[in-house]
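What follows is a single structure, written as structure tokens, with notes after it.
Whatever order the structure lists ligands and atoms in, that order sets their numbers, starting from 1.
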Amino acid sequence: MDALARLVIIFSSVLFIVPISIAVDTITVNQPIRYGETIISAGGSFELGFYTPENSKNQYLGIWYKKVTPRTVVWVANGDFPLTDSLGVLKVTDQGTLVILNGTNSIIWSSNASRSAQNPTAQLLESGNLVLKNGNDDDPENFLWQSFDHPCSTLLPNMKLGRNKSTGQEWYLSSSKSTDDPSKGNLTYRLDPHGYPQLLKRNGLILTFCSGPWNGLRFSGFRALAGKSIYKHVFTFNEKEMYYTYELLDSSVVSRLVLNSNGDVQRLTWTDVTGWTEYSTMPMDDCDGYAFCGVHGFCNINQVPKCGCLDGFQPNFPNNWEMGVWSNGCFRSRPLDCQRGEWFKKYSGVKLPDTRNSTYIEA
Ligand SMILES: *[C@@H]1O[C@H](CO)[C@@H](O)[C@H](O)[C@H]1NC(C)=O
Ligand SMILES: *[C@@H]1O[C@H](CO)[C@@H](O)[C@H](O)[C@H]1NC(C)=O
Ligand SMILES: *[C@@H]1O[C@H](CO)[C@@H](O)[C@H](O)[C@H]1NC(C)=O
Ligand SMILES: *[C@@H]1O[C@H](CO)[C@@H](O)[C@H](O)[C@H]1NC(C)=O
Ligand SMILES: *[C@@H]1O[C@H](CO)[C@@H](O)[C@H](O)[C@H]1NC(C)=O
């Protein structure tokens, strides 16, 4: 190979390498980002920047999938504090906080990290996690702040739903007002620490869905995963922490769990051929609604009517019950007769009842 050819090869590889290395995943104290500027995670999965939702004039700082159109936002910083013009700036401060400033330099959002920082930088990881760290300290234990600790309506793989009892930190999902408005809606989906933990979904204070307790493989009310599932459920429960998460079995799969503003908890997967497709949805049907048949009732979606009373119980309000108003439930119509061997009765294939008043033995 002659010198000229070698030079051409070196030169062209430089030309090809340079644009790739420009796609940075990190911002530093001296490099804020403004509208139109973004950072991209190292493998090209996620992008962070300011954006304007459809049918909105507001601007938000968000994280979305780099390769997915239409834009699918998985995290928003200032959902409740929108910018009204394109003059917003995201900055890392010397003190180790992330701040969004508006056009007149007022802080409209801050990450509020409290540990003292040295040469802080913010990096968008391939997982979709935006982390604030000291210089190049990649140890998660030392992160000053991370977006995975402040979920919005989306649970990405390896994000947690639950609590860290050592720190009092809670991770939970809350809905957006609508697809065009990322401010907080009324719905929450969180791990409840009373009795044996369960995932509860609420609309304001009203409980609308209960997952049932963890059974070792999944929460009792979740559908069984067939042999070739794309993910697995993970539940960690000890004195220090209790949380649910899920892991993808194939890291090339694009999948997310989202609490929609209509109340569905949906798991979706994406391919460039099909776009987003629904993998599963909860609640699955009426029987999934909390206490749909009332106290001492049970629900069978394959039966008409769906609601019945447990053995030995009768409807509290028979007229309403016949009309399909089941929420008042049933009462014990004949006393329990232990002499006749009426101890425990087995019901199979049902979601376990609410465990908030249960006690359990730690093995
Ligand atoms: C920035 O925020 C401050 C405080 O909320 C407000 O008074 C000011 O008008 C805002 N500036 C712009 C350009 O929106
Ligand atoms: C930061 O702290 C302020 C004041 O305590 C609070 O209003 C704001 O919600 C906090 N921001 C975040 C992102 O937690
Ligand atoms: C909980 O907090 C402790 C103390 O900061 C930390 O060491 C641990 O990693 C945290 N656990 C989780 C699951 O984040
Ligand atoms: C959310 O709650 C507020 C206050 O309770 C209520 O005014 C509003 O209609 C609710 N929004 C939805 C979508 O249910
Ligand atoms: C738990 O027990 C309290 C007190 O008996 C009762 O008021 C409440 O309804 C029970 N909650 C559940 C979910 O069973």
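- The Tyr243 neighbourhood of ligand 3 comprises atoms 13 (C), with distances under 4.0 Å to a heavy atom of that residue.
- Counting only N and O atoms by type, the side chains of Asp137 and Asn142 include a donor and acceptor under 3.5 Å apart.
- At least one heavy atom of Trp171 sits less than 4.0 Å from an atom of ligand 3.
- The shortest side-chain heavy-atom distance between Glu247 and Pro157 does not fall under the 4.5 Å cut-off.
- Using a 4.5 Å heavy-atom cutoff, the side chains of Ser127 and Phe148 are in contact.
- Neither the backbone nor the side chain of Gln169 has any atom closer than 4.0 Å to an atom of ligand 3 (non-hydrogen atoms only).
- Every atom of ligand 5 with a heavy atom of Asp354 under 4.0 Å away is listed here by number and element: 13 (C).
- At most 12 non-hydrogen atoms from other residues, nucleotides or ligands lie less than 6.0 angstrom from NZ of Lys240.
- A ring-ring contact (aromatic ring centres under 6.0 Å, His included) with Trp214 is found for exactly one of Phe237, Tyr360, Phe235, namely Phe235.
- A salt bridge links Lys133 with Asp138: the closest approach of a Lys/Arg side-chain nitrogen to an acidic carboxylate oxygen falls below 4.0 angstrom.
- Ring centers of His233 and Tyr231: under 6.0 Å apart, within the cut-off.
- For ligand 3, the atoms sitting less than 4.0 Å from at least one non-hydrogen atom of Thr167 are 2 (O), 4 (C), 5 (O), numbered in the order shown with element in parentheses.
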What are the atom names and distances for all N or O pairs under 3.5 Å between ligand 1 and the protein?
| unit_1 | atom_1 | unit_2 | atom_2 | d |
| --- | --- | --- | --- | --- |
| ligand 1 | 2 (O) | Asn102 | ND2 | 2.3 |
| ligand 1 | 11 (N) | Asn102 | ND2 | 3.0 |
| ligand 1 | 11 (N) | Thr104 | OG1 | 2.8 |

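- Between Glu170 and Arg190 there is a salt bridge, since at least one side-chain N of the basic residue sits less than 4.0 Å from a carboxylate O of the acidic one.
- Sorted by first and then second residue, the side-chain hydrogen bond (donor to acceptor under 3.5 Å, both in side chains) pairs involving residues 282-303 (not counting sequence neighbours) are Asp286-Lys306, Asp288-Lys351, Tyr290-Asp354, Tyr290-Arg356, Asn300-Gln303.
- The distance criterion of under 3.5 Å between nitrogen or oxygen atoms is not met by Ser166 with respect to ligand 3.
- Side-chain contact between Val24 and Ile40: absent, with no pair of heavy atoms (C-beta onward) separated by less than 4.5 Å.
- For ligand 3 and Lys160, the ligand atoms under 4.0 Å from any heavy atom of the residue are 13 (C).
- Distances between N or O atoms of Arg356 and those of ligand 5 include no value under 3.5 Å.
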